[in-house]
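Below is one structure, written out as structure tokens; comments come after it.
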Amino acid sequence: MTHLAQDLAHKLACAFEGLGLDPALGAVSRAQKAEFGHFQCNGALAGAKAIGKNPREIAATLASSLATDSDIALCEVAGPGFLNITFSDAALVRQATQIAVDPRAGALILAQPRKIIVDYAGPNVAKSMHVGHLRATIIGDAIKRIYRFRGDTVWGDAHFGDWGFQMGLLIAALADEQPDLPYFAEGAEGPFPNQSPVDLSDLERIYPMAAALAKTDTGMRERARKATAELQAGRAGYRALWQCFVSVSQPTLEREFKALGVTFDLWLGESDADPLIPAMIADLEAKGLLQDDQGARVVFVHDKMVPKKDGSEGPNVPPLLVVSSEGSAMYGTTDLATIIDRKKRFDPDLIIYCVDQRQAEHFETVFRAAAKAGYMPREALDHIGFGTMNGTDGKPFKTREGGVLKLHDLITQVREKAQAKIDEAGVGLEWPASERSDIAHKVGVAALKFADLQNFRGTSYVFDLDRFLSFEGKTGPYLLYAAVRIKSILRKALEAGHRLGPMTTLEPSERDLILTLDGFEHALRGAYDKRAPHILADHAYSLAGAFSSFYAICPILGAETSVLRGSRLTLAQATLKQLLIALELLGIETPDRM
RNA sequence: GCACCCAUAGCUCAGCUGGAUAGAGUGUUGCCCUCCGAAGGCAAAGGUCACUGGUUCGAAUCCAGUUGGGUGCGCCA
């Protein structure tokens with residue numbers, strides 16, 4: 001599989017090299033205007049500086065090197081030294097044909113695949129998911145799919161938040177509320193009842209209450225710390241109770257992931273790393289990394305000292321807190337032990353953490369400690385942060401009632417909106433009810449995911465419910481609509497006995513569509529290298545747009561000749577294939593009709 | 001106090017190695033369904049790229065500073 005842009009860049013790179021210049025100058029990009037041709041190369045301008053020559057002369061030399069190339073219809077020097085390149089229709093047709101027969105629609109496979117773990121979503125015990133979890137879930141899922149598609153071996157891990165002080169809080173709060181439960185009896189060894197004494201709604205009521213109380217009530221805080229330490233030390237009653245918390249939380253979380261079409265290869269929890277902690281602490285101690293500090297045991301990871309507000313000096317990066325003064329494992333302890341666990345189980349080349357940007361410093365601390373202790377090199381650990389979700393007022397998002405919007409409610413809303421849209425448009429009234437509701441679900445989830453994935457992950461963004469509920473313009477449903485129309489055409493072609501045929505003469509909109517198809521690999525590589533799914537989302541949108549323009553101008557089934565019809569069917573088929581792959585990599589399912 | 005991130009059209013956002021007249025969507029104003037699905041297409045209007053200075057033939061992009069906003073800063077995760 002070759003690509004027009006890549007081949008062109010390669011040819012220009014050779015020409016630059018022939019002039020004694022950096023081959024990287026041969027990079028090309030899609031022309032920004034139709035009159036500039038198909039691609040432009042700006043390397044002559046940058047190269048001119050290096051060897052002190054006129055950029056137009058260099059550009060002219062490059063142009064003459066392409067003059068005899070049969071793929072190039074036109075290559076001209078413009079302005080101060082831009083090179084505008086137009087491909088021949090023969091080259092475009094050849095490229096479209098290649099994509100049409102390639103099962104990967106033009107996407108290459110990595111020459112050197114790696115083993116990668118993607119840590120994403122981060123659901124927690126006792127907390128149902130809200131809109132804030134949306135990004136962590138769907139961005140991580142898209143990253144996983146993109147990496148896997150390009151050839152890496154990838155494990156997605158939910159990294160279930162089932163450990164630490166929050167568990168102690170729940171235990172202490174429940175002990176206050178129902179002290180007679182058998183789990184709380186001193187020295188109780190069990191067996192304990194199979195039936196959980198609480199359900200998720202109990203936990204969701206208890207947890208915020210306990211967390212708030214612990215902020216003001218030192219007694220509550222102490223009881224929770226003690227419970228945390230005892231749970232981690234293995235107190236049977238607490239372990240049994242903790243198991244209940246996990247078992248009532250997990251199914252609800254899995255329901256949400258299923259609705260979003262998100263799956264995990266591993267559902268490991270923070271607790272799974274717990275057994276490794278004692279040995280890890282001993283190891284850190286043996287390596288001389290563990291130090292006593294303010295009653296806790298820490299690993300210092302700073303590289304310099306900086307002045308602090310009280311006038312004293314402190315480390316520029318806070319130390320990793322390994323053992324609290326209560327003797328409990330902390331967030332960072334678990335994360336460090338999880339790295340050891342992952343290394344042991346999977347020996348990954350890279351671990352990607354898809355977690356809120358606000359935790360950047362925490363991960364930096366953990367990664368440095370891991371490198372210092374020799375568990376994983378620093379560059380094999382990467383935190384992919386994303387911004388917070390704000391309301392239209394620019395402040396952290398809240399519903400009108402002032403609470404958080406649950407993910408389940410959001411999904412329900414978009415699905416209902418999609419259902420209403422289908423009903424109102426009167427489409428498919430004769431379709432089975434089950435299919436109509438399935439379509440509504442797919443359309444709704446597509447809207448939800450694309451609204452988020454089209455933004456660069458790094459910055460905070462505004463959560464506007466209306467935007468998520470919009471199905472027009474640059475939205476998920478627009479992409480589905482384009483795909484569904486192609487499916488419909490191909491279905492009708494099949495019924496009428498029309499066949500796909502070789503590509504022939506091209507209209508301008510067809511050339512544009514082919515050039516867009518050609519850019520798939522570039523977009524995929526960008527999304528992969530930058531760990532930024534929005535680059536792929538943008539390509540999918542461009543592709544759907546290029547098809548829609550083509551569709552509006554060029555009749556396919558009603559083409560003037562059967563040769564032309566066959567050619568356009570082939571182009572439509574290639575477009576559909578690539579669009580479906582792109583959507584799948586974004587985690588968006590496409591219905592057959594809508 | 002220190003550190004990191006951000007500032008682009010009325011609104012929500014793209015802008016890849018610095019490159020030609022800064023792009024989408026939405027909203028506003030037009031036009032297009034006797035013809036493959038109008039959740040669509042075509043077009044117009046709309047920007048001192050927060051501000052100032054610097055580097056460069058050339059800066060939204062790189063550097064410095066200013067202003068405005070966000071986030072974080074050891075015993076929550």
Using a 4.0 Å heavy-atom cut-off, does [X] contact any base of the nucleic acid, only the sugar-phosphate backbone, or nothing at all?
X      : value
A/A360 : nothing
A/E270 : sugar-phosphate
A/G526 : nothing
A/N316 : nothing

Study note, to complete from the structure: Scoring nucleotides 32-45 of chain B by protein non-hydrogen atoms under 4.0 Å (B base, S sugar-phosphate only, - none) yields ----BBSBSSS---

Point to revise | A/K417 charged N/C atom sitting above A/F471 aromatic ring, 6.0 Å / 45° | key: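 Yes, A/K417 sits over the ring of A/F471.
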
Exercise for review: Look at the side chain of A/D162 against the base of B/A77 and say whether a donor-acceptor pair falls under 3.5 Å; ignore hydrogens and angles.
Suggested key: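 Flag unset: no donor-acceptor pair detected.
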
Point to revise | Side-chain-base donor-acceptor pair under 3.5 Å for A/N390 and B/G70 | key: no

Review point. For residues A/N42 and A/Q40, is any side-chain donor paired with an opposing acceptor at under 3.5 Å?
Key: yes

Review point. If we ignore angles and hydrogens, is there a donor and acceptor under 3.5 Å between the side chains of A/S562 and A/R499?
Key: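 Not at all, the side chains of A/S562 and A/R499 share no donor-acceptor pair under 3.5 Å.
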
**Study point:** A/Q294 side chain, from C-beta outward: closest of B/A20, B/C75, B/G72
**Key:** B/C75

Review point. Which one of A/I138, A/V414, A/I139 satisfies the side chain to side chain contact (heavy atoms under 4.5 Å, CB included) criterion with A/K449?
Key: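 Option passing the side chain to side chain contact (heavy atoms under 4.5 Å, CB included) with A/K449: A/I138.
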
Point to revise | Strand contacts (RNA chain B) in residues 325-333 of chain A, 4.0 angstrom heavy-atom criterion | key: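 Here the set is A/S325, A/M330, A/Y331.
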
Exercise for review: Give the stems involving RNA chain B, where a stem is 3 or more consecutive Watson-Crick or G-U wobble pairs (i with j, i+1 with j-1, and so on) under 3.5 Å.
Suggested key: B:1-5 with B:69-73, B:10-13 with B:23-26, B:28-32 with B:40-44, B:50-54 with B:62-66

Practice item. Would you indicate, yes or no, if B/G15 has its OP1 or OP2 atom less than 4.0 angstrom from a side-chain nitrogen or oxygen of A/H534? Key: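 For B/G15, OP1 or OP2 has a side-chain N or O of A/H534 closer than 4.0 Å.
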
Point to revise | Between B/C33 and B/G69 - C1' atom distance, rounded Å | key: 47 Å

